[in-house]
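Numbered from 1 within each chain, the chains take letters A, B, ... in sequence-line order. All values below were derived from every heavy atom in this structure, side-chain atoms included, with hydrogens, water molecules and symmetry-related copies excluded.
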Amino acid sequence: MSTPLEKTYQPGNSERQWYALWQESGIYHSEPSAETPYSILMPPPNVTGVLHFGHVLNNTVQDIYIRWARMNGRQACWFPGLDHAGISTQTKVEKELKGRGLTRHDLGREAFVNRVWEWKNTYGGIIFEQLRTLGISADWDRTLFTLDASASSAVQEVFITLFDEGLIYRGKRIINWSPLAQSALSDEEVIFREVREYMYTLRYHLEDGSGTLLVATVRPETIFADVAVAVNPKDERYRHLIGRNVIVPIAGRSIPIIADDYADPEFGTGCVKVTPAHDPNDYEIGIRHGLPMPQCINANATLNELAGEFAGLDRFVARKKVAARLEETELMERKEDYTHNVGFSERGEEAVEPYLSEQWFVRMEPLAAPALEAVRDGSIKFYPNHWVRTYEHWMGNVRDWCISRQLWWGHRIPVYYSSDGRQVAARTTEQARQKLGLAPDVDLRQDPDVLDTWFSSWLWPMATMGWKGPISQHEQPDPESDRLMSYYLPTNLLVTGPDIIFFWVARMIMASLKFNGQVPFKDVYFTSIVRDAKGRKLSKSLGNSPDPLGIIESYGADAVRFTMIYLAPLGMDVRLDINDKTQDIPSMELGRNFANKVWNACRFLQMKQHEVSADDASGGSAESYELTTADRWIASRYMTTVQSATTALTDYRITEYARLLYDFIWRDFCDWYVEVVKVQLAGAPSEHARRAILDHAFTIIDGTLRLLHPVMPFLTEELWHGLYGHDVSVSISTSTAPVCDTSVIDVATEERFETLQLVVEALRRQRSEMGIPPGERLDVHLNVRTQDVEFFTSQSAIISALGRCAALVIGSDVSKPEGSVSDVVRGVEIHLVVAGKIDFDKERARLSKEIVRLTGALAGVEKKLANASFVANAKPEIIEVERQKLADWTDTLEKLRRNLASI
RNA sequence: GGGCAGUUAGCUCAGUUGGUUCAGAGCAUCUGCCUUACAAGCAGAGGGUCGGGGGUUCAAAUCCCUCACUGCCCACCA
């Protein structure tokens, strides 16, 4: 016999124990088999990452689908991984060094990289432990780190191939430079923010002293790199000046006035200073006109010797000083407030500097075309679908991807340079020499830069399966990798945030199509963005990002999972009522209370089971038990729930799935069925009948627990064992998912039971309105249609119990008794005898009010049915419904009037 | 400037193909209850002309147009 359940659900210990068991038993490990596969790639969290609510939502969604697939007999594999996160990891370790007065250069490249590995091995991947707390059923055996040998090997393979095909090239371009990281960034890593600055209008005197050109700029510190002033060729004001020279303020150099369409006559003074090395647009002008491109800003964002006395100053300090000097020397016409957008590095700490430098790029256009097509033709589906537009827009305007980073932590660019100026991409120095046809003892220099972290991420679908791993480097087939790839790819589902649609989703599609010839996944689920009560994104610096582990500690992992799913509709942001001070999230009570509700429903069944079992001595063989209306009703409600929950999951309406379970368990099962079971048990003629009643309830709850398991794995596991006494060696997570048997769905029975519910509710309402305590039993008289007498009589025990009746009179010609209040629902006349407690005036008023309301409603229906075009156009079943309404309400009205009259 | 969402009860949100059960749930509020699982609970109640305006239709929270506001993405005119 199972051990009695506690009065309230205590998740903590139970969760830890179950997870340990799951992990030991290896039930979440997957191998290719004869079953149909189902695979998900976990978006690899950063190695420096700590669990936040974005992860909680994201991973819960994935876990639900993986668990659901597993229970549906699929060979389900969830590939977890960890991202080396170039910039943030390197920065983290550098900060530590800085605390000891060291820089990475003091250590040297090799020692520094070793240091980062040490850090990784000590602190990295904490998030995995945290995800386990959440109950994630990933196949941890398949965990991959983006710097592992097989991932690195795949990265090299792709780089070399793209290089050899001319899709990767090196070029001197204006790129986004992070002065803090001292590295290039991709366009996607730059975020724009509105900044209040000044617009300075400067005087550029004509060289011949014949006048002055006014030029507006927000960056006066860049004048030292000015190479021209551009005007629009159509601008009458300046046309005659084209080709003449002006003197750069302070710098004193002479630069030409050139004509370029970029200059907008409507904006500012119509004259633009051209600084090709420090502005992307100016760079374009510089290219068009073959201008020199001097730089006056260093990699660390200080000015260089071109700036003369300002050399060495930080760009922002320099800006103020240069502006002051311009003012002093009367070279400034005016200074105005000016608000505009400035690019910041993704981490939001510093303004990005447009910086002219040699970098590596991927030519994206050829890769984008097939990737665009795959989404357009439905090979890949987005949920919600509207993200397709965003995807198409980006793909249609895709720009080359700057992939080189001036860091040490990452995949080193596999390009080698020979002393005679040639370059080649190769896996090793030896291979590079071979490719270049050089002798084995010739020195080659490898490119010092590393690749953008996303350059390994975009290969994730293949890298996780060992594609082009160390074995195939030597041109040997890799059967293990082939086996995994042919079985698990394309994966079924990718769950991620829409914020990385370009960073990751789009690029994975491109890489997979290019290198594996097929899409990486079939469905993409874009999760909600988690926000606080004020609508702000969660962030550590705002103090509005509570540690999920603390919340799990207080509410339980299942409660957190359930609440998140319940509150996070597909494609919309989810707001959590985060308390800044206590770091609590009170709405998690929703999930906790629900877990407790499920717990107690099961606890009730268990207690009854024990009672029955205790009497087992009475013995006897099983005898047929005919299911009651209530039994068939709950079975029908259960099947309906199975059906709609399954559909909801299939359609990725995951919130709907949670709601359906919540409503079924709480409203149908607990509020009504458990109460009915009490009545049925009490009135059962035999021990066998009692057991049969319980068996039925156990059947329903068994399926319900399995249906609920994907979202609440711990609770359902605990109860499944608690109720059925299963051995710990089996898990509900490897049981089968409930399947809908439509023959059990019984609309007629549901309707009959609903009438019963309405009658009970009417009794409760009247009692409450009369101020009678719920415990007090009162006489009830029900006047029902002749054909319903039998049914209501058969349900009298339930009506009596739930409606708290003393005597219950049921008949087809029952008249209103003395001292009763009355109501009519679905043709059933309900009289509650309250005797002395009746307030006749109040009762008259109540009935009158109801009569007025119904009369109005009835008039509406009559009008509708009298409308020729309604009868002509509406669907027959709709008209039938209206006719039914007319009949019912007329009947009800008549009864109400009669009752009013008899007071 | 271009694109995409959203606007329903005090708050957070459901509402699939227009039509019974369409105006709902949870929280909050109010009333009464320790009713043989659950006070993390039970039974009731109040509260919204579904952002504004127009249109299509026998019928609109739902479809179309338009306006307003909010949020996000892209672009980035010095």
Side-chain angles (χ1 to χ4, degrees), chain A residues 5 7-9 187 192 199-201 215-219 230 262-264 266-275 279-282 338 340-343 384 386-390 392-394 397 498-499 501-502 529 531 533 535 555 559 566-569 571-577 586-587 589-590 592-608 644 647-648 651 653 655-656 659 662-663 667 670-671 674-675 678 682 751 754 761 764-769 771-775 801 804 864 867-875 877-882 884-885:
Chain A
L5 301 172
K7 189 170 176 181
T8 56
Y9 175 50
D187 294 337
F192 286 89
M199 170 89 86
Y200 304 89
T201 303
V215 177
T217 181
V218 289
R219 303 200 60 190
Y262 173 74
D264 178 0
E266 307 291 315
F267 190 88
T269 60
C271 305
V272 183
K273 74 188 201 60
V274 181
T275 321
D279 182 280
N281 291 305
D282 292 8
Y338 187 64
H340 68 145
N341 286 331
V342 175
H386 65 77
W387 288 107
V388 169
R389 295 291 294 269
T390 307
E392 284 178 339
H393 183 260
W394 188 76
N397 300 281
D499 48 334
I501 188 166
F502 310 132
I529 291 172
R531 299 177 179 280
Y555 296 95
Y566 191 91
L567 293 180
M572 269 179 48
D573 293 351
V574 58
R575 286 188 181 215
L576 292 180
D577 52 343
S587 55
E589 284 179 9
L590 181 132
R592 184 198 58 181
N593 293 354
F594 179 56
N596 192 238
K597 191 71 181 175
V598 177
W599 178 263
N600 271 290
C602 292
R603 181 166 165 257
F604 166 79
L605 292 180
Q606 191 198 43
M607 287 168 82
K608 291 298 171 191
S644 23
T647 311
D651 297 346
R653 287 180 293 115
T655 295
E656 178 73 5
R659 279 175 202 279
Y662 186 92
D663 290 341
R667 303 272 84 95
C670 293
D671 287 354
V674 165
E675 295 308 314
K678 288 178 187 171
E751 210 165 297
E754 267 167 34
E761 280 167 355
R764 287 169 175 168
R765 197 182 319 116
Q766 284 178 324
R767 181 195 299 277
S768 171
E769 277 170 10
I772 297 161
R804 297 270 147 191
K864 213 172 194 177
N867 182 339
S869 40
F870 171 72
V871 180
N873 294 314
K875 282 179 279 186
E877 58 268 32
I878 299 299
I879 298 172
E880 186 45 42
V881 165
E882 293 298 319
Q884 194 59 48
K885 266 200 247 176

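Comparing A/Lys864 and A/Asp573 by the nucleotide of RNA chain B whose heavy atom lies nearest to each, the residue mapping closer to the 5' end is A/Asp573. Both A/Thr269 and A/Asp187 lie close to RNA chain B; mapped to their nearest nucleotides by heavy-atom distance, the more 5′-ward contact belongs to A/Asp187.
When the side-chain nitrogen and oxygen atoms of A/Asn397 are compared with OP1 and OP2 of B/rC74, none of them lie within a distance under 4.0 Å. Put simply, A/His340 has no side-chain N or O that comes within less than 4.0 Å of OP1 or OP2 on B/rC77. Contact between the side-chain N/O atoms of A/Asn873 and the OP1/OP2 oxygens of B/rC58 is found at a separation under 4.0 Å.
With both ends at atom P, the span from B/rA45 to B/rC4 equals 45 Å, rounded to whole Å. If you take atom P in B/rU62 and the same atom in B/rU49, they sit 16 Å apart, rounded to whole Å. Taking atom C1' in both B/rG47 and B/rU29, one finds a spacing of 10 Å when rounded to whole Å. Separating the C1' atom of B/rC65 from that of B/rA9 is a span of 29 Å, rounded to the nearest Å. As rounded to the nearest Å, B/rG52 and B/rA60 have P atoms that lie 15 Å from one another. A gap of 14 Å separates the C1' atoms of B/rC22 and B/rU16, to the nearest Å. Atom C1' of B/rC64 sits at a distance of 35 Å from the matching atom of B/rC76, rounded to the whole Å. As rounded to the nearest Å, B/rU66 and B/rA59 have C1' atoms that lie 23 Å from one another.
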Using nucleotides 20-22 of chain B, report all nitrogen or oxygen pairs with the protein that are shorter than 3.5 Å.
none

Pairwise N/O distances under 3.5 Å, protein to nucleotides 39-46 of chain B:
{"from": "B/rA39", "atom 1": "OP1", "to": "A/Lys7", "atom 2": "NZ", "distance (Å)": "3.3"}
{"from": "B/rA40", "atom 1": "O4'", "to": "A/Arg592", "atom 2": "NH2", "distance (Å)": "3.3"}
{"from": "B/rA40", "atom 1": "O4'", "to": "A/Asn593", "atom 2": "OD1", "distance (Å)": "3.0"}
{"from": "B/rA40", "atom 1": "O2'", "to": "A/Asn596", "atom 2": "OD1", "distance (Å)": "3.1"}
{"from": "B/rA40", "atom 1": "N3", "to": "A/Arg592", "atom 2": "NE", "distance (Å)": "3.4"}
{"from": "B/rG41", "atom 1": "OP1", "to": "A/Asn593", "atom 2": "ND2", "distance (Å)": "3.0"}
{"from": "B/rG41", "atom 1": "O3'", "to": "A/Lys597", "atom 2": "NZ", "distance (Å)": "3.1"}
{"from": "B/rC42", "atom 1": "OP1", "to": "A/Lys597", "atom 2": "NZ", "distance (Å)": "2.8"}
{"from": "B/rC42", "atom 1": "OP1", "to": "A/Trp666", "atom 2": "NE1", "distance (Å)": "2.6"}
{"from": "B/rG44", "atom 1": "O2'", "to": "A/Ser768", "atom 2": "OG", "distance (Å)": "2.8"}
{"from": "B/rA45", "atom 1": "OP1", "to": "A/Arg765", "atom 2": "NE", "distance (Å)": "3.4"}

Dump the pairs, protein N or O against N or O of nucleotides 3-5 of chain B, anything under 3.5 Å, distances to one decimal.
{"from": "B/rG3", "atom 1": "O3'", "to": "A/Arg389", "atom 2": "NH2", "distance (Å)": "3.4"}
{"from": "B/rC4", "atom 1": "OP1", "to": "A/Arg389", "atom 2": "NH1", "distance (Å)": "3.1"}
{"from": "B/rC4", "atom 1": "OP1", "to": "A/Arg389", "atom 2": "NH2", "distance (Å)": "3.0"}
{"from": "B/rC4", "atom 1": "O2'", "to": "A/His386", "atom 2": "ND1", "distance (Å)": "3.1"}

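Out of B/rC76, B/rC77, B/rG71, the shortest distance to the side chain of A/Asn341 is found at B/rC76. Across B/rC76, B/rC72, B/rU35, the shortest atom-to-atom separation from the side chain of A/Arg804 is found for B/rU35. Each of B/rU12, B/rC58, B/rC72 was ranked by its minimum atom distance to the side chain of A/Arg575; first place goes to B/rU12.
Atom OH of A/Tyr662 is separated from atom C1' of B/rA25 by 8 Å (rounded to the nearest Å). Atom pair A/Ile878:CD1 and B/rA59:P shows a separation of 15 Å (rounding to whole Å applied). Between A/Phe870 atom CZ and B/rU57 atom P the separation is 17 Å, expressed in whole Å. Spacing between atom CH2 of A/Trp394 and atom C1' of B/rA75 amounts to 15 Å, rounded to whole angstrom units. If you measure from atom CG of A/Leu590 to atom C1' of B/rC38, you get 16 Å, rounded to the nearest angstrom. When the P atom of B/rU16 is taken as reference, atom CG of A/Asp651 falls 13 Å away, rounded to whole Å. Between the NZ atom of A/Lys608 and the P atom of B/rA37 there is a distance of 7 Å, rounded to whole Å. The CG atom of A/Leu576 sits 14 Å away from the C1' atom of B/rC27 (whole-angstrom rounding).
A/Tyr338 comes within 4.0 angstrom of the backbone, heavy atoms only, and of no base. Among the heavy atoms of the strands, none lies under 4.0 Å from A/Arg219. Within 4.0 Å of A/Gln766, counting heavy atoms only, lies no atom of the nucleic acid at all. Using a 4.0 Å heavy-atom criterion, one finds that A/Ala595 contacts no nucleic acid atom at all. Backbone-only engagement by A/Asn281 is indicated by non-hydrogen atom pairs under 4.0 Å involving sugar-phosphate atoms exclusively. In this structure, A/Asn867 reaches the sugar-phosphate backbone alone: every heavy-atom distance under 4.0 Å involves primed, P, OP1 or OP2 atoms, never a base.
Between the side chain of A/Asn600 and the main chain of A/Asn596, a donor-acceptor pair closer than 3.5 Å is present. A side-chain donor-acceptor contact under 3.5 Å links A/Gln606 to the backbone of A/Leu5. Although no hydrogens or angles enter the test, the distance criterion places no donor-acceptor pair under 3.5 Å between the side chain of A/Thr217 and the main chain of A/Tyr200. Side-chain atoms of A/Asn873 come within 3.5 Å of backbone N or O of A/Ser869 as a donor-acceptor pair.
Considering only residues two or more places apart in sequence or on other chains, A/Asp651 meets the salt bridge (charged side-chain N to carboxylate O under 4.0 Å, His left out) condition with A/Arg653. Partners of A/Asp577 under the salt bridge (charged side-chain N to carboxylate O under 4.0 Å, His left out) rule, at least two apart in sequence or in another chain, do not exist in this structure.
Interatomic distance, A/Arg804 CZ to A/Arg764 CZ, rounded to the nearest 0.5 Å: 9.0 Å. Put simply, NZ on A/Lys273 and CG on A/Asp282 are 7.0 Å apart, with the number rounded to the nearest 0.5 Å. Between atom CD1 of residue A/Ile529 and atom CZ of residue A/Arg575 there is a gap of 12.5 Å, rounded to the nearest 0.5 Å. A distance of 10.0 Å separates CD of A/Glu880 from CD of A/Glu877, quoted to the nearest 0.5 Å.
Closest of all the heavy-atom pairs between A/Met199 and A/Ala216 is SD-CB, 3.8 Å.
A/Val881 places a side-chain heavy atom less than 4.5 Å from the side chain of A/Lys885. A/Trp394 is not listed as a side-chain neighbour of A/Ile501, based on a closest heavy-atom distance of 4.5 Å or more. Using a 4.5 Å heavy-atom cutoff, the side chains of A/Phe267 and A/Val272 are not in contact.
Where pairing requires Watson-Crick or G-U contacts shorter than 3.5 Å, the helical stems of RNA chain B with at least three consecutive pairs are B:1-7 with B:68-74, B:10-13 with B:24-27, B:29-33 with B:41-45, B:51-55 with B:63-67.
For the ring pair (Phe, Tyr, Trp, His ring centres under 6.0 Å) test with A/Phe594, the passing option among A/Tyr555, A/Tyr662, A/Tyr9, A/Trp599 is A/Tyr662; the others fail.
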Salt bridge (Lys or Arg N to Asp or Glu O under 4.0 Å) between A/Glu675 and A/Lys678, intermediate numbers included: CA-CA 5 Å; A/Glu675 295 308 314; A/Lys678 288 178 187 171; 3.2 Å; yes

